[in-house]
2 protein chains.
Amino acid sequence: MEKMRLNANVRAVLDVLQSAESHPTAQEVYESVRKVRPSIGVATVYRILNQLGEQGMVKVLGRESECRYDARTQRHDHAVCTECGALLDIPVEITLSNEVLARAAQAAGIRLDSHEIRIYGRCLNCDKG
Amino acid sequence: MEKMRLNANVRAVLDVLQSAESHPTAQEVYESVRKVRPSIGVATVYRILNQLGEQGMVKVLGRESECRYDARTQRHDHAVCTECGALLDIPVEITLSNEVLARAAQAAGIRLDSHEIRIYGRCLNCDKG
DNA sequence: ATGGGTGCAAATCCTTTGCATCTGC
DNA sequence: GCAGATGCAAAGGATTTGCACCCAT
């Protein structure tokens, strides 16, 4: 993992992310950054976001290029490889109390439907490298 | 939610999903189905997968069209609206014991890095409708 | 001058849509 | 015969890449 430069573009992106209330999409980041640096291009924003993600300086949510489908509709949890994106089942039932879930749902303002636990890390294959 | 037809194409798709070991992508489903029904088109497979998803007959994983970014890299959990896709923070810390997590990671064959809890449901806005 | 960073546009990938045709009832 | 289902190709949206240029070192 290479050291990261911190030039004006990068700082502008970080700035937007740090002052954001919610979780902006790349396009939203781009729009915001453009107010400060009108000449910046989308590609640069994407490049910077990716690098920040690799550095662990920002969290990237929902990076899953393709949808996956599963005929087993009962709840089950997933392990995601941060390297290759593999999506694995977690064959261990992790129990959360209904009270905790209800409280979380209420706090988030959502009518609870289901839940899922995801663990992230490197899968056996990628961990070798 | 309308009643679902169960013609040959739909049955073929269900069949592939039910006999799948992992979580196939739409393209993978398409490839497999094509072995049985060579004339089927991608669009049909996508249409069927979407309908099955709506019916709750299959789970759709990772349906998030855009990436979102977050400068707060400490762990926090998310609530996802199944209707509009809104991604909200859960302002309640949900604690999982390290042993449970370690066991899950081991079972999935992954070197644990982080984890996240996601709850799904309809957000305040969508729940009205 | 040199190498990384950049903007632009074109390309790519996954998914959806329009439309004319075909099917089953 | 009709409504819904289908295949094809084209469109769409998000992200990446190729490439020439530019800037700071």
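In what follows, every chain begins at residue 1, and chains take the letters A, B, ... in the order their sequences are listed.
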Output the rounded distance in Å from [atom1] ([X]) to [atom2] ([N]).
X       : N      : atom1 : atom2 : value
B/Arg11 : D/dT6  : CZ    : C1'   : 16 Å
B/Gln51 : D/dT6  : CD    : C1'   : 12 Å
B/Gln27 : C/dT16 : CD    : C1'   : 13 Å
A/Tyr69 : C/dC14 : OH    : P     : 12 Å
A/Glu28 : D/dA14 : CD    : P     : 10 Å

Exercise for review: Considering just the side-chain nitrogens and oxygens of B/Asn7, establish if one lies under 4.0 Å of OP1 or OP2 belonging to D/dA5.
Suggested key: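 For D/dA5, neither OP1 nor OP2 has a side-chain N or O of B/Asn7 closer than 4.0 Å.
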Point to revise | OP1 or OP2 of C/dT6 under 4.0 Å from side-chain N/O of A/Asn9 | key: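 For C/dT6, OP1 or OP2 has a side-chain N or O of A/Asn9 closer than 4.0 Å.
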Return all side-chain donor-acceptor pairs below 3.5 angstrom for residues 104-111 of chain B, not counting sequence neighbours, or 'none' if the list is empty.
| unit_1 | atom_1 | unit_2 | atom_2 | d |
| --- | --- | --- | --- | --- |
| B/Arg111 | NE | A/Asp127 | OD1 | 2.8 |
| B/Arg111 | NE | A/Asp127 | OD2 | 3.1 |
| B/Arg111 | NH2 | A/Asp127 | OD1 | 3.4 |

Hey, can you pull the donor-acceptor pairs under 3.5 Å for the side chains in residues 43-51 of chain A, sequence neighbours left out?
| unit_1 | atom_1 | unit_2 | atom_2 | d |
| --- | --- | --- | --- | --- |
| A/Tyr46 | OH | A/Gln27 | NE2 | 3.4 |
| A/Asn50 | OD1 | A/Arg63 | NH2 | 2.8 |
| A/Gln51 | OE1 | A/Arg5 | NH2 | 3.0 |
| A/Gln51 | NE2 | A/Arg47 | O | 3.2 |

Review point. What class does the angle between the rings of B/His23 and A/His78 fall in, given that below 30° is parallel, 30 to 60° is tilted and above 60° is perpendicular?
Key: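 If you compare the ring of B/His23 with that of A/His78, the planes turn out perpendicular.
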Check your understanding: Which heavy atom of B/Ala79 sits nearest a heavy atom of B/Ile90, and at what distance?
Key ->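 The answer is N-CG1, 3.7 Å.
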Review point. Where along residues 31-50 of chain B does a heavy atom come under 4.0 Å from DNA chain D, residue by residue in number order?
Key: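 Here the set is B/Ser39, B/Ile40, B/Gly41, B/Ala43, B/Thr44, B/Arg47.
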Check your understanding: Is the shortest heavy-atom distance from the side chain of A/Leu96 to the side chain of A/Ile117 under 4.5 Å?
Key ->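 A/Leu96 vs A/Ile117: side chains touch.
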Point to revise | Of B/Tyr30 and B/Glu66, the one whose closest DNA chain D nucleotide lies more 5' | key: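 Checking each residue's closest nucleotide, the 5'-ward one belongs to B/Tyr30.
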Point to revise | Hydrophobic cluster identity match, B/Leu61 and B/Leu17, side-chain contacts under 4.5 Å | key: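 Result: no, two separate clusters.
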